Each structure stands twice: as structure tokens, then as C-alpha cells.
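Working notes for the structure below.
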Amino acid sequence: MSYVIEGSTGPWEIVVGLEVHAQVISNSKLFSGASTLFGGEPNTHVSLIDAGFPGMLPVINRGCVAQAVRTGLGLKARINLESRFDRKNYFYADLPQGYQISQFAHPIIGEGKIEIELSDGSTREIGITRLHLEQDAGKLMHDQDPKRSFVDLNRAGVALMEIVSEPDIRTPEEAGAYLRKLRQILRYLGTCDGNMDEGSMRADVNVSVRKAGEPFRTRCEIKNVNSIRFVTQAIEIEAARQVEIWESGGEVDQETRLFDPGRGETRSLRSKEDAHDYRYFPDPDLLPLVIEQSWVDQLKACLPELPDEKRARLQKEYGITAYDAGVLVAEQAIADFYETVAKGRDGKSAAAWMTGDFFAALNRTGKSIEESPVGADKLGAMLDLIADGTINGKIAKEVLETMFETGEAPLEIVERKGLRQVTDTGAIEKAADEVLTKNADKLEQYLGGKDKLFGFFVGQVMKATQGKANPAMVNEILKKKIHG
Ligand code: ADP
Ligand code: MG
């Protein structure tokens, strides 16, 4: 989908590249055995290494390396069997070492790609430049004391994956789709929980603008944006700012900016630091990281089925649309639920019920699929009641609603409320006769050409049977009675 900013000198195109920091799911930190548990008392999950004591030796955590490799495989990326760790030097109160151990010239993961789906049904491929491992910093607490700030090092040394995209993104929508897809892949892999509001996934957003076909222009980097909505807003606002600068004859400076959602603006934080400002150099405490191809192969063999593959399989195996399949693979738990319901049943009707009334009921009750009061077995049992003619589709909606309220099995509800479908021809005929007699005037209009009234008769017969009549039989009987 094209997205252009109409300036006075013509249309401008947006160029975006994203750097995502994703906290690795791991019990212990990247170079120490300290716990990564969230929410502990300040400074209770800190080893001497994380606290930057002199003479401490970092030891690489094999589990974190495996998570990075698995993520690389999920991003269809090149796995570098040899990578290196560098020190990125800077001073900050939440960084006791005075440097961050990161990977600069030799990251563990090289080029990969992510396919994104857009709202018009089209897909695009966004290139991944690299993924590297690095340490997180601690956290400053400014709200504990009126005069002093404190530092909590619980997060210091926790493993992060920095995932850098190519400047392939062209619209705010694509940026959102990229982040959702990346988060989905990380969650399927179990390498990052993707919770942006808890800070375990955050994005630096690089934005520039250009006239179509031109080379790239100077970009600005908006730091630490912590929701997908804010990312799309920040891009729109920053791009508009840059267009205005270029059009008024100015120059965009390369700088780091902050997004202020409250004011709807980006603000300069500092002029862009260059790599040499950090005086990167190989960490002398760590050997190059060498991994075996056989280990990579082993990790690959144990990967779960990922969203793209799962979507293609569900489409093929259950005959459902790409759209429905996309909705159903949004989360692994939803896909599992769907497959339990659909197995041995009509996959299309299972998909229709899940994406329709079932999700609506979940939304209404504010529950996630894991907390659903109606399990896959019960939803499946309800589908069986429709398939074998015990209830019709309309009554099924009522049954499902009651299932959400009481947790009963569908058949129990049908018996208790007397909702069995009426397939007794005599009963339906009687109701049809009554409806036609009572509405003789409408019948005349219908016979005079007002075809739409047929639906009215059907509705009236359904009403007379409390919605329980078999709709196909009602149609057939009415036709026979009217047309002979
Ligand atoms: P660094 O931030 O360390 O300088 P890079 O120069 O490799 O790293 O770029 C970081 C991010 O900026 C990448 O995601 C890349 O896609 C993006 N980027 C690079 N050039 C541009 C540009 N002209 N416009 C928008 N994004 C860009
Ligand atoms: Mg950067």
C-alpha cells in the first residue's frame, strides 16, 4: 500500500529501519549465574560480574546462545559459527562496568528476512541485517527519594538480542506489521515474551524521507519506543517534521530523538554518536564464540512449527481462507485450540465459530484463550450438535453464550432449556399454516411480486417455534404451501 506525504514540492516517501531490543528468555544472565526473575527486591539478583567488580570474569551462558541461534533460524537468517564480543564503552550510572559487552563487527546472526502481511491482503519481505547478543543495563530509580536517585542492578547483565532491520519499511503500517510479526515469531520460539509494556521488547525507530527513486537521505533515530501504536505515531510525526525541514530549504541533522506521545512530537536528545565514540574493542576476557554446525542442526530439528508454515498448513489441511488461518495462528495457543476443535470435524465451520461468536464472547468477558471457560472439547461438542441436527445454527449461538456463563456442556444446556431442533414435519406445517392465515394480506402482496416477503414468513415460523425449527425444512414447507 502506498503511503506518501504530500508536500508543496510533491510527494515524499518514508524510509524506516527498526532496531529491536528483545530480552532473551533465560533463567540466568548472559555472563553470570544471577537470576533474571522480574520484580525482585532491588539489587537481589546481582552477581559480582553484573556489578562490575574488578577482576571478575564473564562466562558465556550456553542457553542464551542457543536462544539467539534459534531466533536466527526462525528469521531464516545466516548463523555465524564464529562471532565475537566487544566492549562498547560509555559512562552511565546504571552501567557499573563502564562498558556494555555487545557484538559489533562479528554478530552471531547475519542476514535474514521476515514476511509481513498488510491490511489489503498483500505481503512484503523485510530484510534483517543482523542479530547480536548484548547485556542489558541496570535501572535508575528517581522516584524513591526527593533528593537522591537509586540504582537497581537486577536487570544489569540480562541477555538482549538486538535485531536490526534493513531500511526496507515504507509506511507506518508496515512498521506495525513488522513488529507484530517479529513478536509473534519470538513468542512461538519462546525466545522472548514480547511484552512491550514491561520493556522486554522495545524499538529504536530510524526514520528518513525522500522523493521516490532518490537515494536515502539523513535519518533520525527515535529511541526506546515501547508500544506498536507509538511506533506508528512516531513515524508519522517524525516524517512530517523532516518533510517540513527539507521543503523550507533546511537540512535534517542526524540525531537521536525522543517521542513524546502526550505532546505528539519528537524532541532532540543528542546529536548522533558514531561507533568510534564508543571506542569498541574486542573484550579481552572473552574468547571468540565458536559453535558447531551439528549443534545448530540439532536446534533446527527441534524448532516448533512457525506462524508462516502453520498458516499454510492450516489453510491446506482444513480448507480455510488465508485470512482465517492468519487470525488463528496469531498465537500458538489459539492455533492449538483450533486444531483440537477442527480435528475430525468441518474445519471451515470450526474456523467460522472460533473467529466469530467464540472470540466475541472471549472479548466480552475479557479473557484470554488460556482462561476460556469454554474449552476446545466443549466447543467441538457444540459443533457436533449442529452437525448431527440436534440444534440449528441460531440456537447454537444461544447455547454458546450459556456455555460461557455456566460452563455446562452443550448437550446439558440443550436438554435443560428444551432447545432441540424441531424436525417434526407436522409441527412445522402447523406453524406455517398459522403464519400464512394470520398474514393473508402479506401473502397476497408476495404473490403479487413482493418476493422479499418470503423471508418474513420464514422468520415468523422460526419465531413460532422459538427458533428451534430446522431452517431448511421451514423453507421447503413454506414453498410447498404457497406454490403448491
Ligand atoms: P547504527 O544505529 O549503529 O548507526 P546502522 O547505521 O546500521 O546502525 O543503522 C541502524 C538502523 O537504521 C537500521 O535499522 C537501518 O535499516 C536504519 N537506516 C539506515 N539508513 C537509514 C535511512 N536513510 N533511513 C531510515 N533508516 C535507515
Ligand atoms: Mg543504532
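First listed ligand is number 1; within each ligand, the first listed atom is number 1. Sequence positions, counted from 1, serve as the residue numbers for this chain. Remember, predicted model here, so these are calculated numbers, not experimental data.
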Need the ligand 1 atom indices (1-based, order shown) with element for anything under 4.0 Å from a heavy-atom of [X].
X	result
S208	22 (C), 23 (N), 24 (N), 25 (C)
G17	14 (O), 16 (O), 17 (C), 26 (N)
F216	23 (N)
R217	23 (N)
L18	14 (O)
S165	13 (C), 14 (O), 15 (C), 16 (O)
V164	13 (C), 14 (O)

Considering both backbone and side-chain atoms of T218, is one of its nitrogen or oxygen atoms within less than 3.5 Å of a nitrogen or oxygen in ligand 1? no
Do any nitrogen or oxygen atoms of V207 lie less than 3.5 angstrom from nitrogen or oxygen atoms of ligand 1? no
What verdict does the side-chain contact (heavy atoms from CB on, under 4.5 Å) test give for R210 and V15, after you've listed the backbone C-alpha separation in whole Å, the side-chain angles of each residue and the deciding distance to 0.1 Å? CA-CA 8 Å; R210 66 169 176 181; V15 176; 3.8 Å; yes
R187 bridged to D193 by N-O distance under 4.0 Å: no
Lys NZ or Arg CZ of K88 over Y278 ring: under 6.0 Å, within 45°: yes
Examine R87 relative to Y99 and say whether NZ or CZ is less than 6.0 Å from the centre of the six-membered ring and inside a 45° cone about the ring axis. yes
Hey, does R210 sit under 4.0 Å from ligand 1 if you only count heavy atoms? no
Is it true that atom NZ of K181 has more than 12 heavy atoms of other residues, nucleotides or ligands lying nearer than 6.0 Å? yes
With a cut-off of 6.0 Å (strictly less than), are more than 12 heavy atoms of other residues, nucleotides or ligands near CZ of R148? no
Check whether the side chains of S200 and Q23 place a donor and an acceptor atom closer than 3.5 Å, and report yes or no. no
Please determine, by modelled atom types, if W12 and E247 share a side-chain donor-acceptor pair under 3.5 angstrom. yes
Proximal candidate to atom 5 (P) of ligand 1 [heavy atom criterion; set E162, E166, E19, R219]: R219
